[in-house]
> 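I'd like to ask you about the structure that follows.
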Protein chains: 4
Amino acid sequence: MTHTPIRLGMVGGGKGAMIGEVHRIAARLDNRFALVAGALSTTPERNAESAAACGIAPNRTYDDFAEMARAEAARPDGIEAVSICTPNHMHFPAARAFLEAGIHVICDKPMTSTLEDAHALAQIAEASDALFVLTHNYSAYPQLRLAREMVARGDLGPLRLVQVEYAQDWLTEPSDSKQASWRGDPAKAGAGGSIGDIGTHAYQLARFVTGMAPDRLAADLTSFVPGRAVDDNAQIMLRYASGAKGSLWCSQVASGTENALRLRIYGEKAGIEWLHEAPETLWFTPFGAPAQKLRRGAATMAGSRVPPGHPEGYLEGFANIYAEAADAIRAHQAGTPHETLLPGIRDGIEGLEFIDACIRSARADSAWVETGHG
Amino acid sequence: MTHTPIRLGMVGGGKGAMIGEVHRIAARLDNRFALVAGALSTTPERNAESAAACGIAPNRTYDDFAEMARAEAARPDGIEAVSICTPNHMHFPAARAFLEAGIHVICDKPMTSTLEDAHALAQIAEASDALFVLTHNYSAYPQLRLAREMVARGDLGPLRLVQVEYAQDWLTEPSDSKQASWRGDPAKAGAGGSIGDIGTHAYQLARFVTGMAPDRLAADLTSFVPGRAVDDNAQIMLRYASGAKGSLWCSQVASGTENALRLRIYGEKAGIEWLHEAPETLWFTPFGAPAQKLRRGAATMAGSRVPPGHPEGYLEGFANIYAEAADAIRAHQAGTPHETLLPGIRDGIEGLEFIDACIRSARADSAWVETGHG
Amino acid sequence: MTHTPIRLGMVGGGKGAMIGEVHRIAARLDNRFALVAGALSTTPERNAESAAACGIAPNRTYDDFAEMARAEAARPDGIEAVSICTPNHMHFPAARAFLEAGIHVICDKPMTSTLEDAHALAQIAEASDALFVLTHNYSAYPQLRLAREMVARGDLGPLRLVQVEYAQDWLTEPSDSKQASWRGDPAKAGAGGSIGDIGTHAYQLARFVTGMAPDRLAADLTSFVPGRAVDDNAQIMLRYASGAKGSLWCSQVASGTENALRLRIYGEKAGIEWLHEAPETLWFTPFGAPAQKLRRGAATMAGSRVPPGHPEGYLEGFANIYAEAADAIRAHQAGTPHETLLPGIRDGIEGLEFIDACIRSARADSAWVETGHG
Amino acid sequence: MTHTPIRLGMVGGGKGAMIGEVHRIAARLDNRFALVAGALSTTPERNAESAAACGIAPNRTYDDFAEMARAEAARPDGIEAVSICTPNHMHFPAARAFLEAGIHVICDKPMTSTLEDAHALAQIAEASDALFVLTHNYSAYPQLRLAREMVARGDLGPLRLVQVEYAQDWLTEPSDSKQASWRGDPAKAGAGGSIGDIGTHAYQLARFVTGMAPDRLAADLTSFVPGRAVDDNAQIMLRYASGAKGSLWCSQVASGTENALRLRIYGEKAGIEWLHEAPETLWFTPFGAPAQKLRRGAATMAGSRVPPGHPEGYLEGFANIYAEAADAIRAHQAGTPHETLLPGIRDGIEGLEFIDACIRSARADSAWVETGHG
């Protein structure tokens, strides 16, 4: 089979943006995409510089995503897909522009900065023939795919408990970095701080693995750093319609943690535990029997590139999203049916509903509120 | 210095009781106590059998703790201290009898089965010349003593977050065992299930290490196993007067966990983490610097018997309580001033206030309630 | 059953000796022994002081082990067993005196300071009616007992590889401590340094678990610290008659290690791994299937006092030797047949043969030499 | 700066070859290379298929590396560098062809299948203007670069011990896989089995980090699987001219291990430990002070793409070799001086000397032999 990479554009993610480079590495790691167009930075000079560094030709370097959507849609060799890596408040207009131009969208999370925008985008996506993928990358780690399968086939029995947490420390002190400053500005990040930036990842991951979303939550949001306009820590209790309970803790001020996402799920028969620090191990802890260390690649190489013992990590997990997006795009173009576990619009809406519910609960002194889905 | 062990009696803890044997091992491990009297079991035959197995002479084997308190107080060689290891509802009457007889009491937790009894016992203890020690054994692990010191001297900076959890799985399924059945009976255990049995340990430990108690909490209590009259799982959010926040999760249905007590505390400058599975390590995680693995015995041998690398564990930690109780008793007898970190009446009252607050909050659909101390 | 502890004496292990206190705690932990006589220290004053601190009566405090053996053997309530915790060179004469007096001996390792003495002691033990137990305590950890069973019943398949190591760092620098100084004196410790002090433990443990001893070895012994008269590090290769291979590394200069005994065994079907730092876990690693974390107490409570998740450690493992010695002594006294896994004379001889073979190989520039057993 | 990838060719690594895909991912991960030519497989059909799957144009798909070297050298847009991923015996002729054509070579290890070829290749490389890089990828993990710096600046003090091991289990049973079969054929792999395939990695890594090579070794080589023509396990003792000692264990039959490379180094002041299973942590264990967990990216992002807590692994480490090769090639083309830590000819020769010494020692019943460098 002759190899033809998908032509990709990018919005945001210029010089100095961590996540833009992550998207680019993820896109090229499996050689399924070629980055050929971009509107990467907000000033023309930086934009030109960023694009050149990525090997994007000057005539496909755009100062504006709307122009890019129009121009690329008009080219016979125009981009087939676009990656959106801007601050949150730009996700919606950018995604809209490309979806309306019939260009597939791979968008960072949270999907939008408001719940209203999320619903609006859902309608636009519905009306568009193009695909929409949300980069909840953690759900593409092979061991979390395995976890999902195990839950689905009943290895844990009916679920009782969902304990998920995501702890970082990079906002322990006041920060002026570019990454910190837009995240602390509700106009750019949306109303959520840590709940939007990392809480949505934790929430989506628990949702993905368990196959169920809580119908109610009670949240206590805190801004520990003086002057911070959004939460940097959240304690959240979860209730599921099934009777299961859970808790979600996310923090960006947990001194000495790195990027500590941890998921524990307990059912009537067994539990599972997964830690981001060692993402290739899924612990399976059956009641009354020895714990098993389930390793990436040991049972299947799906989502893997190298055998167990050759560590894969964050970039490979992120690349799995891109590889699956490539599969989905090619199938779509060919008109063939295609099943996928890719996160998309529904995950995006639920993420914004989660943020919204947290804020409503926090304003009501942590009262239980409906999540709106559940 | 010639060695003379303290004469010890025991109430409860007869054959088949795990915790009675733990108390006995803890008492003799450092050779500070000699067990010479007991009312160990409820039926005369079992009681005689239990006492003989412990080397207690028949004439100091009592069918009744009240009789034991009277008789031992009257002997010139009567017991100097008593260990109380009964089900919870017997803690109060037994402790009262011995305190009133002037005999020092070493009592298992929770201190009583109701908050009223706790307050009553506090008054009795106040009026008595005898000491009262509550066996919150985890607080006697050397690395948790170190943690307390580190917090107190500001190594972590002002505290922001207290995450404590205690997960077990032994009540995952309905159980008829002796240990399970009284714990599931509110008349014997008190109104709390997991919150009383293990939640009080977690609560006391966080309190001990941080030096602060939450003034409010919001609790979601669950009984997952059908027919269980008390909670077997609790999600609890904590608020401290200082502005710190926390969460406490305790569960006895977390399939595949053993006795997983975990404490994490984060301040403005650093965090610490401790896991019961590896109790000799305290992780110190300063913001912006490498994590340090602080090991038992490395800096000081206080509370240790063997050097680092020779694992000590649960029984040694429990024995630290007994060794310190012996020190306190001998100092008391000698009339010399004596500082101690031993848990006592205050911890007992706070434990019952914690249980009470959890139940009040749960009845109010997880509303924030005052703990009564904080 | 009425409880009657075995009357125990002790030779060596006076004030300041770590291992004497370990033996005493191990002896009393399960309440199977009562320490009633001793010749603990070499000077009369220290001896009296050490004995008083242990609660030994003055009239059973002896300045000399020979006198103690005679006097105790003559008493109707004389000791039934003796613990020998002296420097190595005194093991032989002390063990001889008590064995010849018909008193059971529980002796620290290595059994003697020379191979000749080991053979002589074997004959004495053979001629005596008394039992001889060697405190290779690591072999009494429940998870190593389990490992032995698993090997014996073929869970690993035919064995191929035995990797054992024992690393410490307490002799990294020159030391004048009492414990360091006799260990560095060949007249007191024997010809081996690290190989005698910890190498024999590693060797015995591998032997115990695999059920086989190497018939040849090749050793490279080193004294890294200037002026040290014995080895403080050894690299050793092992060959077994079955065709299996192995290596043993022991070191007392591995900076930053504590007491790091590690055993790994690989067969045609599976491997096992055990680390002293986490002694309650035995890793079972079948070829082609997930690793299993086998935990103390999960399958059986044999050799355990508290359930899994309540850490037991070094002292409990050491106490298992004493508890089993008590069983063996009581069975012997009753004339009932008794199976035991207790280390004894054979382990002692093999330990000295190991030391001897290491030294012969080292003198022959690491040539392969016969171990003499295999 | 405008981005221009280096034009890359590849020899070997066609369909079904794990390591070929690893080289390709590593080459493109940082977007420094574009794969434009190849002689990937041995049969024309497979070759065409492999090339097409990689996006290599038919007119630059060669059936023969010699032809490829000639043709590409003649093109104005010919490849600037070539990756050699064939079985070992083809490394030498292929590397010779490209070096002689002035094309930079990035070659898998071991460098050649015989020591004679290694020396010959050294002369050819000397005579060529092209660069030669050997993909000892483990040495490019950031934490092993850090380890090397720490040793070099004396953080460990003078070194005493080097313990390195590399354990796998994929050859536990007889295997007919393509990868297994050429590795078991001395005509293709060279005289070493596990010592060539993984022992050379372990040897190079210890050499790289310590800055010193042993001058003598004593080896015990074993073929456990019946019919296997080369070793599948090796126990090796090491002696350094400085007086340091070491051991190297490599095995491909250690049931239940994955790709378990472990390096431990102890000096007079401190030790370090690194495990491939958790490659982003370097343990620093100073004598008398707490162990420190040094994490990738915490001090510097050199060799990193994402912050600590976002796991990088094997492919990123391998990509570091490619990124540094790109730097070196661009500097070479520009004629600017360039320092590099890239493994090259010297590592290759030492690797073959290591294999040769192991075999000489094994034939002499594990006698100490000179390594030839040291």
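Order of the sequence lines sets the chain letters (A, B, ...), proteins ahead of strands, with each chain counted from 1. Scope of the values below: all heavy atoms of this structure, side chains included, with no hydrogens, waters or symmetry mates.
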> Hey, which of B:P308, B:A51, B:P307 has the most heavy atom pairs under 4.5 Å with chain C?
B:P308

> Which one of C:H310, C:H276, C:E280 has the most heavy-atom pairs closer than 4.5 Å to chain B?
C:H310

> Measuring heavy-atom distances to chain C, does B:P279 have an atom under 4.5 Å in its side chain, in its backbone, in both, or in neither?
side chain

> Return the CG to CG distance between B:D30 and C:L29, rounded to the nearest 0.5 Å.
10.0 Å

> Are there more than 12 heavy atoms of other residues, nucleotides or ligands under 6.0 Å from atom CG of B:D176?
no

> Of the non-hydrogen atoms in C:E258 and B:G309, which two are nearest, and what is the gap between them?
OE1-N, 3.2 Å

> So which residue, B:R24, B:R295, B:R305, ends up with the most heavy-atom pairs under 4.5 Å with chain C?
B:R295

> Supply the atom-to-atom distance B:T281 OG1 to C:E277 CD, rounded to the nearest 0.5 angstrom.
6.0 Å

> Look up atom CG in C:L315 and atom CD in B:E316, then write down how far apart they are to the nearest 0.5 Å.
5.0 Å

> Say you draw a straight line from CD of B:E312 to CD of C:E312; how long is it, rounded to the nearest 0.5 Å?
12.5 Å

> Using a cut-off of under 4.5 Å on heavy-atom pairs, state which of C:P5, C:G313, C:G317 scores highest against chain B.
C:G313

> If I measure from the heavy atoms of chain C, does B:R28 come under 4.5 Å with its side chain, its backbone, both, or neither?
both

